[in-house]
Amino acid sequence: MQSFLPFKLDSIICGIDEAGRGCIAGSLFVCGVVLSQNIPLALKVQLKDSKSLSESKRNILAPLIQQFSDFYLVKKTYQEIDDKGLSLCLKEALKEILQNLEASQYIFDGNCKFGVDSLQTLIKGDSKLSCISAASIVAKNAKDKEMRDLDTLYPQYGFKKNKGYGSKAHLKAIKDYGYCAIHRKSFKLKSLMQNSNETLFGYNI
């Protein structure tokens with residue numbers, strides 16, 4: 001972890017990160033984590049950006065993080081994302097975390113506060129602060145579990161592998177089978193559009 005940061009590291013920090021923001025299927029998960037002062041060093045040194053960890057490693061770390069932290073996980077469904085838009089869903093999730101976790105500082109990975117004034121941001125925070133790394137792992141673990149479960153309902157889309165992201169195989173499956181119930185219909189997929197008026201199995205794209 002980076003040793004110098006423009007934050008008071010002796011204060012109680014809530015690290016916040018999300019998983020599923022760029023997906024075209026399934027939910028968005030946003031997690032806040034305040035690590036316990038008693039967290040084992042052997043666990044803390046394993047906390048890294050969730051994207052740099054294997055799925056099996058995240059499966060091991062996520063419950064341990066929950067054991068040694070105060071955490072709050074918000075789920076925004078595909079329906080909420082379609083109805084409200086992604087930005088509003090993120091804003092609501094961030095505000096809900098701030099209302100449910102006590103901390104001196106709330107630091108969200110990235111560079112956008114989504115209109116939450118009391119929030120601070122840190123670019124690549126998931127590789128700089130352990131609490132943000134922990135939040136990224138818990139959020140990603142929840143997203144992965146959701147997509148594994150959805151894969152059993154809709155095996156033709158390969159959700160277990162693509163985790164809801166728009167891989168080539170996933171986009172081909174949409175072309176072949178159309179959208180399923182949990183796809184984000186509000187997302188405009190240019191690779192599936194021949195013209196702006198095209199529809200796919202009854203849904204506007």
Side-chain angles (χ1 to χ4, degrees), residues 1-23 26-76 89-114 116-149 160-165:
M1 296 293 170
Q2 188 170 313
S3 58
F4 175 78
L5 293 167
F7 304 108
K8 299 176 181 178
L9 295 183
D10 58 342
S11 64
I12 299 174
I13 298 176
C14 174
I16 306 173
D17 205 355
E18 56 78 25
R21 179 179 174 182
C23 292
S27 304
L28 166 74
F29 291 86
V30 187
C31 185
V33 170
V34 178
L35 292 174
S36 168
Q37 293 183 347
N38 299 320
I39 183 173
L41 180 60
L43 171 58
K44 192 171 183 179
V45 297
Q46 296 182 71
L47 301 181
K48 303 176 182 178
D49 172 12
S50 64
K51 295 184 291 294
S52 69
L53 301 170
S54 67
E55 185 173 350
S56 60
K57 186 68 171 179
R58 292 193 297 267
N59 289 339
I60 294 170
L61 291 176
L64 293 174
I65 292 167
Q66 295 175 33
Q67 181 181 348
F68 290 100
S69 72
D70 290 327
F71 75 98
Y72 193 85
L73 182 65
V74 180
K75 175 181 177 179
K76 293 292 186 179
C89 285
L90 277 163
K91 181 178 182 178
E92 290 179 347
L94 291 167
K95 291 178 72 173
E96 187 173 339
I97 288 170
L98 267 62
Q99 291 167 358
N100 284 278
L101 287 177
E102 292 188 9
S104 306
Q105 295 174 284
Y106 299 87
I107 307 176
F108 182 45
D109 181 50
N111 62 359
C112 183
K113 297 167 64 171
F114 292 96
V116 182
D117 292 335
S118 54
L119 191 68
Q120 295 171 274
T121 60
L122 181 62
I123 295 173
K124 296 185 178 179
D126 51 5
S127 62
K128 296 175 181 177
L129 283 179
S130 296
C131 54
I132 300 181
S133 301
S136 75
I137 291 168
V138 174
K140 178 63 173 159
N141 181 256
K143 178 63 180 177
D144 287 351
K145 183 181 185 304
E146 177 193 56
M147 300 315 296
R148 289 195 301 269
D149 292 343
K160 184 177 180 181
K161 184 176 181 179
N162 62 51
K163 300 300 188 291
Y165 289 93

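Only heavy atoms go into these numbers, but all of them, side chains included; no hydrogens, no water, no symmetry mates. For reference, positions follow the sequence shown, starting with 1.
Going from atom OH of Tyr106 over to atom CD1 of Ile12 covers 9.5 Å, rounded to the nearest 0.5 Å. Interatomic distance, NZ of Lys57 versus OG of Ser50, reported as 14.0 Å (0.5 Å rounding). Note that the OG atom of Ser104 and the CD1 atom of Ile13 stand 8.0 Å from one another [nearest 0.5 Å]. Distance check: Lys113 NZ to Lys91 NZ gives 11.5 Å after rounding to the nearest 0.5 Å. Expressed to the nearest 0.5 Å, how far CD1 of Ile132 lies from SG of Cys31 amounts to 11.5 Å. Residue Asn38 holds its CG atom at 12.0 Å from CG of Leu43, rounded to the nearest 0.5 Å.
At most 12 heavy atoms of other shown residues, nucleotides or ligands fall within 6.0 angstrom of atom NZ in Lys95.
Residue pairs meeting the salt bridge (charged side-chain N to carboxylate O under 4.0 Å, His left out) criterion with at least one partner in residues 133-147, sequence neighbours excluded, are Arg58-Asp144, Lys75-Glu146, Lys140-Asp144, Lys143-Glu146, Lys145-Asp149. Within the structure, no pair that satisfies the salt bridge (charged side-chain N to carboxylate O under 4.0 Å, His left out) test touches residues 97-109, not counting sequence neighbours.
Scanning all heavy atoms of the two residues, the minimum distance from Gly20 to Leu28 falls at C-CD1, 4.0 Å. The two residues Ser136 and Asp17 have their closest heavy-atom pair at CB-OD2, 3.0 Å. Counting all heavy atoms, side chain and backbone alike, Gly32 lies closest to Ile97 at N-CD1, 3.6 Å. Between Asp126 and Lys51, the shortest heavy-atom contact is OD2-NZ, 3.3 Å. Listed here is the closest heavy atom pair of Phe108 and Ile16: CD1-O, 3.4 Å. The two residues Gly15 and Ala135 have their closest heavy-atom pair at O-CB, 3.4 Å.
Looking at Tyr72, its side chain never comes within 3.5 Å of a backbone N or O of Gln99 through a donor-acceptor pair. Between the side chain of Ser130 and the backbone N or O of Leu47 there is no donor-acceptor pair closer than 3.5 Å.
Counting heavy atoms from C-beta outward, Leu90 and Arg21 have side chains that approach closer than 4.5 Å.
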Show me the donor-acceptor pairs, under 3.5 Å and distance only, between side chains in residues 59-70 and residues at least two apart or in other chains.
unit_1: Asn59; atom_1: OD1; unit_2: Asn141; atom_2: ND2; d: 2.8
unit_1: Asn59; atom_1: ND2; unit_2: Glu55; atom_2: O; d: 3.4
unit_1: Ser69; atom_1: OG; unit_2: Ile65; atom_2: O; d: 2.6

